[in-house]
Amino acid sequence: MSSLQVTLPDGSVKSVAPGTSALDIATGISPRLADAAIVAKVDGQLYDLTRPLEADCTLQILTTKDPEALEVYRHSAAHLCAAAVLELFPETKLGIGPPIENGFYYDFDRPTHFTPEDLERIEAKMNELQAKALTFERRLIGKQEGIEKYTAMNEPMKVELITEKADDPFTEYTLGPDFIDFCRGPHVPNTSKIKAYKLLSVAGAYWKGDEKNKQLQRIYATAWFTKKELDDYLHKLEEAKKRDHRKIGKELDLFSIQELAGPGLIFFHPKGGIIRKQLEDWMRDAYLKRGYSLVYTPHVMRRDLWKTSGHANFYSENMFSVMELDDAEYQLKPMNCPGHILIYKDGQHSYRDLPVRLGELGTVYRYERSGTMHGLLRVRGFTQDDAHIFCMPSQIEDEIVNCLDFAKDTLNTFGFTQYKAEISTWDNGASGKYDGEPEMWHLAEGALRKACDRLGIEATVIPDEAAFYGPKIDVKLVDAIGRLWQLSTVQFDFTLPKRFELEYTGEDGKKHQPYMVHRALFGSVERFFGILVEHYAGAFPTWLAPVQVAVLPITSGQNEYAQTVVDKLKDAGVRVHFDARPEKVNFKIREAQVQQIPYMLVIGGREAEAGKVSVRHRRKADLGVVPFEEFLAMVTAEIASKATE
RNA sequence: GCCGGUGUAGCUCAGUCGGUAGAGCGGCAGUUUUGUAAACUGCGGGUCGCAGGUUCGAUUCCUGUCGCCGGCUCCA
């Protein structure tokens, strides 16, 4: 038999005997490469390192530096987990076990539940199997034979998957002598490669993600190439826990959720209230600066309105139930759009008036299923910085540019420098679930893309992800520890103008239907507040901090001078806390630090005599003694500039 | 809504194999006048989430229910 020509990434060609594996070639190149190798890429397709090559090909050895290799690695770790589970709990049925961000999960079906102790045992068993360097072996099996085999193995979910998805023949992978799983692969050569993982939690998960199906037990785990990466990740989890807005919200007395009042309903305490006021004031001012009008609409409205808008039909399961009043049925608003539309409709519009931009910080109520609420991030009552723009087709591009520019401004103001944009399109209506004329979709989608181009925003296009009533662009922000949060959204709506028969008089004297754009930048004020808490870990920039300056006299002898300092700060509009308690200054400083107050003014006899203050910053510590007026000028300037540190 | 976990003082948590509970911090009172992250002493404070059941007796065991936590589904 003639030899195979294998082309390597550097262009060199190796001549090898048929049946040679990528691992053989790697070993031939260097033992270090063989050691770092995780998986191979043959003609662009992922291959097990040990799989024999059968034809001329290009070959790339993927090592721990490759993201694709990490996925394979995690997938192999998932198999290791499943093998450990089957050894300890042989009656368990296997679901699926894919790699995910940061690790993998594996779904199992078994009569009793995994306990935290079980997780420890499973992990210990994984370690045991790992140390044996069990090999992953790829096998081909005919589909019919496979179905019979997995039926005999009593693996009903695997049988279902094979029946639905498998090729004929399909691949399966063994791990050691006992474990076998239907799997596309590839895998690492053996378990000695799998070096750093940790089982994290068990959770219920529906088979195939459908809540009509049986609920399985999902083991979540994290897996990394090295112990260090694993430790870093676990450390990051700890860090995220420390930043949890529910924890900080309690520590800093920002907000609460009251059992007596109901879940998903937020109480802003005085300190949270001050911060929220900053967000809202900034947003309202920005509305006015950018040519929006501010409106207010009622919280309950007749059901007839929700029938006209369509919400009573397609959104009813998310709405609070109907209230029967004397004259009619009423319902709490789940969205602000119909209210704004009524304002638009209450009068005639000439093309000269457009665009009309109606903005509101509108509080909406949505029925969220119990078990879905989460602090401030997922609630039943929340306030949208919501606006609706009614405009002519010729105006939509500029309007989208304005919206996105506004979104960028919002992000920058609140200290976010990184973000991602996603355009959701109708994919030429292929799926048939969309409303509106094709030309409207094309025009709107074009406007979204062009607006991004004009602003230099890089946007990913997600086909067939649009709402049925129009395409949209979502902006997601990246926070201080690299997490992604859904924030702003700008959406076209082709349905509501039609349902409400909106119109304007055009240059031609005829009636036309305006385009409608729905947009929210914070998204929800509550959620944005929660994101801010986590982003800053409670250490809000001075302009947002509930208390901006703490004045701390060392003894009561300085109280009088300290009071004048406090008064001048208050006069300048600075939020100041005067701690005149007869406590040690160390104690007062500690309290101010714990409360993340940006500035502490320590005032002793020396400062009082000289009209100075000793400035301590919560992060930079002691900044030294300065004349009070100098500090006042500095802090008021910092506040006015909305510096985010 | 579903699966699992959980609920003890304002907060963080311990405890009771069934005999109505304890610490630290915080609060209050007094003492301490203090120089850049916790002074000292004393005193209060809990129908052990709620409702039933078992029991002579339940915070503890059982059932139901509500909230919270981790997920699933859904989503701003």
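Letters A, B, ... mirror the listed sequences (proteins, then strands); counts begin at 1. Side chains are part of it too, since the values below use all heavy atoms of this structure and drop only hydrogens, waters and symmetry mates.
The phosphate of B:G1 (OP1 or OP2) has a side-chain N or O of A:Ser370 nearer than 4.0 angstrom. The shortest distance between the side-chain N/O atoms of A:Arg616 and the OP1/OP2 oxygens of B:A37 is below 4.0 Å. Distances shorter than 4.0 Å separate none of the side-chain N or O atoms of A:His374 from OP1 or OP2 on B:G71. A close approach under 4.0 Å does occur between a side-chain nitrogen or oxygen of A:Arg246 and OP1 or OP2 of B:G70. Residue A:Lys250 places at least one side-chain N or O closer than 4.0 Å to OP1 or OP2 of B:U12. Between A:Tyr367 and B:G1 there is a side-chain polar atom (N or O) within less than 4.0 angstrom of OP1 or OP2.
Distance from the side chain of A:Glu211 is smallest to B:U73 among B:U34, B:U73, B:A37. For A:His113, counting side-chain heavy atoms from C-beta on, the closest listed nucleotide (B:A76, B:C3, B:G67) is B:C3. With B:C2, B:A37, B:A76 as the choices, the nucleotide that has an atom nearest any side-chain atom of A:Gln215 turns out to be B:C2. The side chain of A:Ser201 sits closest to B:G70 out of B:G70, B:G71, B:G1. Taking every side-chain heavy atom of A:Ser524 into account, B:A76 is the closest of B:G35, B:A76, B:A37. Residue A:Glu583 places its side chain closer to B:A39 than to any other of B:G71, B:A39, B:G35. Nearest to the side chain of A:Thr372, among B:A37, B:G1, B:A39, sits B:G1. Counting only heavy atoms from C-beta on, A:Arg606 has its side chain closest to B:G35 among B:G35, B:G26, B:G4. Ranking B:A37, B:A76, B:G27 by closeness to the A:Arg378 side chain, first place goes to B:A76. Side-chain atoms of A:Lys584 lie closest to B:U34 of the nucleotides B:C11, B:U34, B:A76.
Between the C1' atoms of B:G26 and B:C72, the separation comes to 39 Å (whole Å). Distance check on atom P: B:A58 versus B:A51 gives 13 Å, rounded to whole Å. The C1' atoms of B:U16 and B:A21 are separated by 8 Å, rounded to the nearest whole Å. Across B:C17 and B:A23, the matching C1' atoms stand 23 Å from one another, rounded to whole Å. B:U65 sits 11 Å from B:C3 when the P atoms are compared, rounded to a whole Å. Taking atom C1' on both B:U60 and B:G24, the two are 24 Å apart, rounded to the nearest angstrom. As rounded to the nearest Å, B:G30 and B:U20 have C1' atoms that lie 33 Å from one another. Rounded to a whole angstrom, the distance from the P atom of B:G7 to that of B:G49 is 8 Å.
Put simply, CD1 on A:Ile589 is 15 Å from C1' on B:A39, counting in whole angstrom units. Between the CG atom of A:Asp579 and the C1' atom of B:A38 there is a distance of 13 Å, given to the nearest Å. A:Asp118 places its CG atom 19 Å from the P atom of B:C3, with the value rounded to the nearest Å. In this structure, A:Met600 atom CE and B:A38 atom P are separated by 13 Å, rounded to whole Å. What separates CG of A:Leu119 from P of B:G70 is a distance of 17 Å, to the nearest Å. Rounded to an integer number of Å, the gap from CD of A:Gln491 to P of B:C75 is 12 Å.
Counting atom types as modelled, A:Tyr206 pairs a side-chain N or O with a base atom of B:G1 as donor and acceptor under 3.5 Å. The base of B:G71 has none of its N or O atoms less than 3.5 Å from a complementary donor or acceptor on the side chain of A:Gln217. Between the side chain of A:Thr555 and the base of B:U34, no donor-acceptor pair under 3.5 Å is found. One donor-acceptor pair, N or O on each side, does fall under 3.5 Å between the base of B:A76 and the side chain of A:Glu368.
With hydrogens and angles left out, the side-chain atoms of A:Thr383 and A:Glu526 include a donor and acceptor closer than 3.5 Å. Under the 3.5 Å distance criterion, with hydrogens and angles disregarded, no donor-acceptor pair is assigned to the side chains of A:Asp493 and A:His518. Inspection of the A:Asp435 and A:Thr495 side chains reveals an N or O donor paired with an N or O acceptor under 3.5 Å.
In this structure, A:Gln258 reaches neither bases nor backbone, as no heavy-atom distance under 4.0 Å exists between it and the strands shown. Heavy atoms of A:Gly209 sit under 4.0 angstrom from primed sugar atoms or phosphate atoms, though from no base atom. Residue-level contact check: A:Lys588 touches neither bases nor backbone, having no heavy atom under 4.0 Å from any strand. Residue A:Asp622 is in base contact, counting any heavy-atom pair closer than 4.0 Å across all strands shown. Within the 4.0 angstrom heavy-atom criterion, base atoms lie near A:Pro582. A:Glu526 comes within contact range of no nucleotide atom at all, as no heavy-atom separation falls under 4.0 Å. Counting any heavy atom pair closer than 4.0 Å across all strands shown, A:Phe382 reaches a base atom. Among the protein residues, A:Tyr220 comes within range of the sugar-phosphate backbone only, with heavy atoms under 4.0 Å from sugar or phosphate atoms but none that close to a base. Within the 4.0 angstrom heavy-atom criterion, no nucleotide atom of any strand lies near A:Val364. Among the heavy atoms of the strands lying under 4.0 Å from A:Val602 is at least one base atom, whether or not backbone atoms are also near. Within 4.0 Å of A:Ala205, counting heavy atoms only, lie sugar-phosphate atoms of the nucleic acid but no base atom.
Comparing A:Phe522 and A:Ile257 along RNA chain B, the residue whose closest nucleotide (by nearest heavy atom) sits nearer the 5' end is A:Ile257. When the nearest nucleotides of RNA chain B are assigned to A:Val615 and A:Phe114 by heavy-atom distance, the more 5′-ward of the two goes with A:Phe114.
Stacking of A:Arg74 on the aromatic ring of A:Phe104 is not recorded, the 6.0 Å distance cut-off and the 45° axial limit not both being met. Figure legend: cation-pi geometry between A:Arg110 and A:Phe114, with NZ or CZ positioned under 6.0 Å from the six-membered ring centre and within 45° of its axis.
A:Ala550 approaches A:Ile597 most closely through the heavy-atom pair N-CG2, 3.7 Å.
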- Evaluate side chain to side chain contact (heavy atoms under 4.5 Å, CB included) for A:Val295 paired with A:His340, printing each intermediate quantity in order. CA-CA 8 Å; A:Val295 299; A:His340 293 179; 3.6 Å; yes
Show me, pair by pair, the donor-acceptor contacts under 3.5 angstrom made by side chains of residues 621-629 of chain A, not counting sequence neighbours?
unit_1   : atom_1 : unit_2   : atom_2 : d
A:Asp622 : OD1    : A:Gly624 : N      : 2.9

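Considering A:Arg527, A:Lys247, A:Arg243, A:Arg483 in turn, A:Arg483 is the only one that fulfils the salt bridge (charged side-chain N to carboxylate O under 4.0 Å, His left out) rule with A:Glu534.
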- Task: Dot-bracket notation for RNA chain B is requested: 5' to 3', Watson-Crick or G-U wobble pairs only, both distances under 3.5 Å, with ( ), [ ], | and . as defined.
- Result: (((((((..((((.....[..)))).(((((.......))))).....(((((..]....))))))))))))....
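The pair A:Glu422-A:Lys472 does not meet the salt-bridge criterion, since no charged nitrogen lies less than 4.0 angstrom from a carboxylate oxygen.
Residue A:Glu91 qualifies as enclosed at atom CD: its count of foreign heavy atoms under 6.0 Å is above 12.
Between A:Phe382 and A:Ile266, the closest side-chain pair of non-hydrogen atoms is not below 4.5 Å.
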